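Quick caveat: nothing in here was measured; it's all calculated off a predicted structure.
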Amino acid sequence: MKKRLSRGKRVQEKPRGRWSFLRKRAPIGPAWLRWMLFSLAAVCMGLAVTVSVQLIPCTTLNEVRIWAEASPGRFYMTWIICTVPIYVLGALTGRLWLAGIPIGAVGLILAQVDAFKNKINGTPLELADFGLAGQAGDVAGLAGDLVLPEDFWQAAIGLCICILLLALTQRLTALKGSVRFLTAGVSLAFAVFFWSSEGTGLVAERLGLDFYTRIDAVENYSVHGLTVSLWRDAFLQGMEPPESYGEDYMRQVLHRIDELLAEEEPVTQETPNIIWILSESFFDVNRLTGLEFSADPLENFHALEEESVSGVFHSHHLGYGTGYIELSMLYGLTSLDIPPGTNICFMDDPVYQRFDSVAEQYTKTGNYTAELLHGFDDSLYNRTVTYPMLGFENLYFSEDIQNFGYSIPEGVYGGYYMRDKYFFQGMLERMKALNGQGKRAFLYGITMENHQPFDVDKFNWECQIKLSSDLLLPSEQDVARVMLEGITRADQALGWLTDQLREIDEPTIVVFYGDHRPNLFMPDGNKIYKKLGLCPTNDALKWTPEQVNDLYSTDYLIWANDPALLRGQAGTRQESSVTKLGPQLMELTGGPISRYWRLLHLVSRDAAMTNLSFYFVDGQGNASGGREEANLSPEAEELLELRYAVIYDAIYGRHYITEEMNLPPGD
């Protein structure tokens with residue numbers, strides 16, 4: 001086909017290809033109308049991304065509507081966050097449909113990663129998790145099969161349709177010349193303003209959102225939704241400095257800490273071997289009302305309680321968080337102490353050296369060698385970096401342990417992971433080796449046999465103890481039996497270990513605790529705790545403080561092969577927590593403990609065992625919805641303020657007294 005031009009020249013018209021409609025062609029309509037249509041289309045595409053992202057956790061459009069109506073502020077904030085980059089990219093590229101592709105893809109991917117994370121461990125995606133991005137494959141491998149659900153494909157199809165409509169109507173939204181230049185400049189300026197802490201805070205305030213108060217990740221997600229919770233993490237500020245912060249103020253803090261510590265009676269130092277065991281997802285299943293067992297699954301644990309210090313262990317997590325619990329326990333910090341969006345396992349290296357760890361209370365003051373043993377590989381939680389900075393001289397993972405050169409009749413593996421019994425044999429081998437060198441052992445062990453996934457065939461359908469329940473369907477009981485078998489095996493391995501230690505002359509203390517309860521999902525997506533009537537929903541923010549206190553807890557014991565090491569406390573019950581167990585051990589072994597850990601001991605004993613934004617447990621084990629509701633005494637409030645000042649000075653401030661906090665009181 002030929003086309004005659006006004007000047008009489010003939011040119012060959014290019015044939016239209018299949019995708020010719022995507023090429024830039026002459027726009028339709030006046031510039032002002034195209035600009036209005038461009039703006040309207042960008043806003044509509046932002047809405048489409050907002051709905052698609054929320055469709056994955058809500059599963060239906062009606063649930064998305066309910067979510068939006070429940071909190072219009074978070075809905076509009078999400079809409080703005082999704083719209084701004086689409087508008088800017090559309091103006092810069094001149095193709096609005098092209099801008100919708102990356103923003104829509106990123107939104108879908110984050111929403112599905114969030115859904116998978118909830119499936120793996122029952123907690124939402126948070127900004128701190130991006131520190132584990134390089135280990136996503138290893139994390140997913142611990143979860144079993146992950147399949148993209150139907151709602152993901154529905155959301156993806158919906159976005160594709162919206163992008164196609166933008167492509168088909170691009171001539172109506174095309175911006176040219178000065179209009180495009182001006183639109184790009186103004187929108188980019190707004191984006192820069194919006195992506196600043198002042199700008200996003202101003203917009204959030206107009207929408208009735210609090211972008212300043214530090215809250216726990218679970219609460220943040222429940223209140224704000226995925227997009228706004230991640231955005232909020234990115235712009236939250238860290239701890240505010242104490243009033244009158246400066247060197248004189250911190251010297252007064254140091255003096256007051258010494259005054260309080262001088263009131264404590266000195267304890268004679270003991271130097272036993274220490275075997276500290278994090279037993280994956282271990283807790284007393286007898287606490288689950290609605291389940292009946294043919295025998296006691298914790299036969300050994302309950303027998304050992306009679307000769308141990310034992311009790312409820314208040315965790316910071318339910319269903320996940322092993323690495324975060326380790327760091328909090330060994331270092332004394334929690335997620336609310338560090339900058340928002342920071343993963344406690346991936347902080348800047350110098351931060352891990354501001355305070356001496358629990359292990360260094362022994363390696364720096366006694367003839368101890370600290371070692372880590374882990375029943376899996378070294379891929380997760382940055383342990384190969386953090387543990388050496390916390391004073392651990394050697395790290396042994398699954399392959400290293402198997403190279404110790406011993407065997408047990410049952411074999412190395414139980415279920416998907418290393419057997420606890422085999423693992424405990426490895427800990428004994430290292431203790432004997434260190435003792436043979438004239439050293440005392442400080443061994444921190446992390447078991448894996450009871451780790452998720454709780455697939456029904458994990459232990460080849462074996463369950464040594466029969467389980468029954470009128471509240472669970474047969475398919476649900478099958479899942480519960482996997483949990484039961486894993487905990488039973490952990491209990492049996494503990495009994496075996498303590499039997500071995502009874503035959504050893506070397507004085508040894510065993511610290512044994514469950515890091516968190518398993519996040520046991522039933523086939524219909526509900527947790528076993530909801531099925532058994534222990535909580536009303538899967539959302540922890542809708543639980544009472546008593547329900548959180550129950551489900552965010554496991555069990556622990558401190559046992560010794562020489563009862564004298566427990567200083568007359570054998571057989572006693574004491575509640576403990578992530579931040580109390582270390583000071584508890586130090587209290588038993590005595591010695592020149594640093595000011596820092598002596599202060600944390602006072603805090604955990606007299607003020608707070610657990611201090612999360614939506615969950616607080618005071619020193620007596622009383623639970624409330626937060627510190628403000630706890631009705632603490634002036635003495636307890638003072639201890640918390642002293643801790644706050646010390647943490648601020650070390651993590652955010654000028655380190656006026658950080659060095660002195662690592663010394664014994666009076667030094």
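Looking at N343, its side chain does come within 3.5 Å of a backbone N or O of C345 through a donor-acceptor pair. D515 places a side-chain N or O within donor-acceptor distance of the main-chain N or O of S281, the cut-off being under 3.5 Å. In terms of modelled atom types and a separation under 3.5 Å, the side chain of S469 and the main chain of G290 share a donor-acceptor contact. A donor-acceptor distance shorter than 3.5 angstrom exists from the side chain of R74 to the backbone of W67, with no hydrogens or angles considered. In this structure a side-chain-to-backbone donor-acceptor pair under 3.5 Å is missing from R481 to W461. Formation of a donor-acceptor pair under 3.5 Å by the Q477 side chain with backbone atoms of L472 is found in this model. The backbone N or O of L226 sits less than 3.5 Å from a side-chain atom of S229, completing a donor-acceptor pair. When atom types are taken as modelled, the side chain of Y416 and the backbone of M448 share no donor-acceptor pair closer than 3.5 angstrom. Proximity of a side-chain donor or acceptor of N549 to a complementary backbone N or O of A623 within less than 3.5 Å is not detected. Side-chain atoms of N450 come within 3.5 Å of backbone atoms of E280 as a donor-acceptor pair (strictly under, hydrogens ignored).
When all heavy atoms are compared, the tightest approach of S379 to F376 is OG-CE2, 4.3 Å. Across A480 and L520, no two heavy atoms sit closer than the pair CA-CD2, 4.0 Å. Annotation for A99 and L89: closest pair CB-CB, 3.5 Å, computed over non-hydrogen atoms. The two residues W97 and A167 come nearest to each other via the heavy atoms CB-N, 3.6 Å. For the residue pair K530 and P536, the shortest heavy atom distance occurs at CE-O, 3.3 Å. Minimum heavy-atom separation, G90 to L96: CA-CD1, 4.0 Å.
Shown here is E63, whose CD atom has more than 12 heavy atoms of other residues, nucleotides or ligands within 6.0 Å. Atom CD of E150 is surrounded by 12 or fewer heavy atoms from other residues, nucleotides or ligands within 6.0 Å. Within a 6.0 Å radius of CZ in R65, more than 12 heavy atoms belonging to other residues, nucleotides or ligands are found.
At a cut-off of 3.5 Å, with distance as the only test, a side-chain donor of T200 or W231 sits close to an acceptor on the other residue. Side-chain contact of Y648 with E240: a donor-acceptor pair under 3.5 Å is absent, judged by distance alone. Side chains of T60 and N62: no donor on one and acceptor on the other come within 3.5 Å.
Residues F521 and N519 have side chains in contact (heavy-atom distance under 4.5 Å, counting atoms from C-beta outward). Between V228 and I81, the closest side-chain pair of non-hydrogen atoms falls below 4.5 Å. The shortest distance between side-chain heavy atoms of V88 and S187 falls below 4.5 Å. Looking only at side-chain heavy atoms (C-beta outward), T610 and Y552 stay at 4.5 Å or farther from each other. By the 4.5 Å heavy-atom criterion applied to side chains, H374 and D378 are not counted as neighbours. Proximity of D455 to V482: side-chain heavy atoms (C-beta onward) are nowhere separated by under 4.5 Å. The closest side-chain heavy-atom distance from R232 to H224 is below 4.5 Å. Side-chain contact between L612 and H316 is present, with at least one heavy-atom pair separated by less than 4.5 Å.
How far CE of M45 is from CD1 of I101: 8.5 Å, rounded to the nearest 0.5 Å. Rounded to the nearest 0.5 angstrom, L327 CG and F346 CZ are separated by 10.0 Å. A distance of 10.0 Å separates CE in M347 from CG in N382, rounded to the nearest 0.5 Å. Note that NZ of K531 and CG of N538 are 9.5 Å apart. Values are rounded to the nearest 0.5 Å. To the nearest 0.5 Å, atoms OG1 (T537) and NZ (K542) are separated by 5.5 Å. With rounding to the nearest 0.5 Å, the separation of OG1 in T554 from CG in L318 is 10.5 Å.
Checked against the 6.0 Å centroid threshold, F38 and Y87 count as a close aromatic pair. Y615 has its ring centre no less than 6.0 Å from the ring centre of W543.
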- Show the numbers, then the answer: is there a side-chain contact (heavy atoms from CB on, under 4.5 Å) between V53 and T78? CA-CA 10 Å; V53 168; T78 303; 5.9 Å; no

- Task: Take I446 and R383, measure what side-chain contact (heavy atoms from CB on, under 4.5 Å) needs, and give me the verdict at the end.
- Result: CA-CA 12 Å; I446 304 166; R383 292 184 178 101; 3.8 Å; yes

- Test side-chain contact (heavy atoms from CB on, under 4.5 Å) on D114 and Y221 and set out the steps. CA-CA 10 Å; D114 169 65; Y221 181 89; 2.8 Å; yes

- Message: The test is side-chain contact (heavy atoms from CB on, under 4.5 Å); show your working for E205 and L209 and say whether it passes.
- Response: CA-CA 5 Å; E205 183 180 0; L209 299 177; over 6 Å; no

- Run the numbers on Q547 and Y529 for side chain to side chain donor-acceptor pair (under 3.5 Å), then give the verdict. CA-CA 10 Å; Q547 289 167 337; Y529 312 111; over 6 Å; no

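Under the 30°/60° scheme for interplanar angles, the aromatic rings of F75 and W79 are found to be tilted. Aromatic ring pairs are classed by plane angle as parallel below 30°, tilted from 30° to 60° and perpendicular above 60°; the pair F193 and F190 is tilted.
Salt bridge annotation for E485-K458: absent, with no cationic side-chain nitrogen under 4.0 angstrom from a carboxylate oxygen. Salt-bridge annotation for D550 and R517: present, with a side-chain N of the basic residue lying under 4.0 Å from a carboxylate O of the acidic one.
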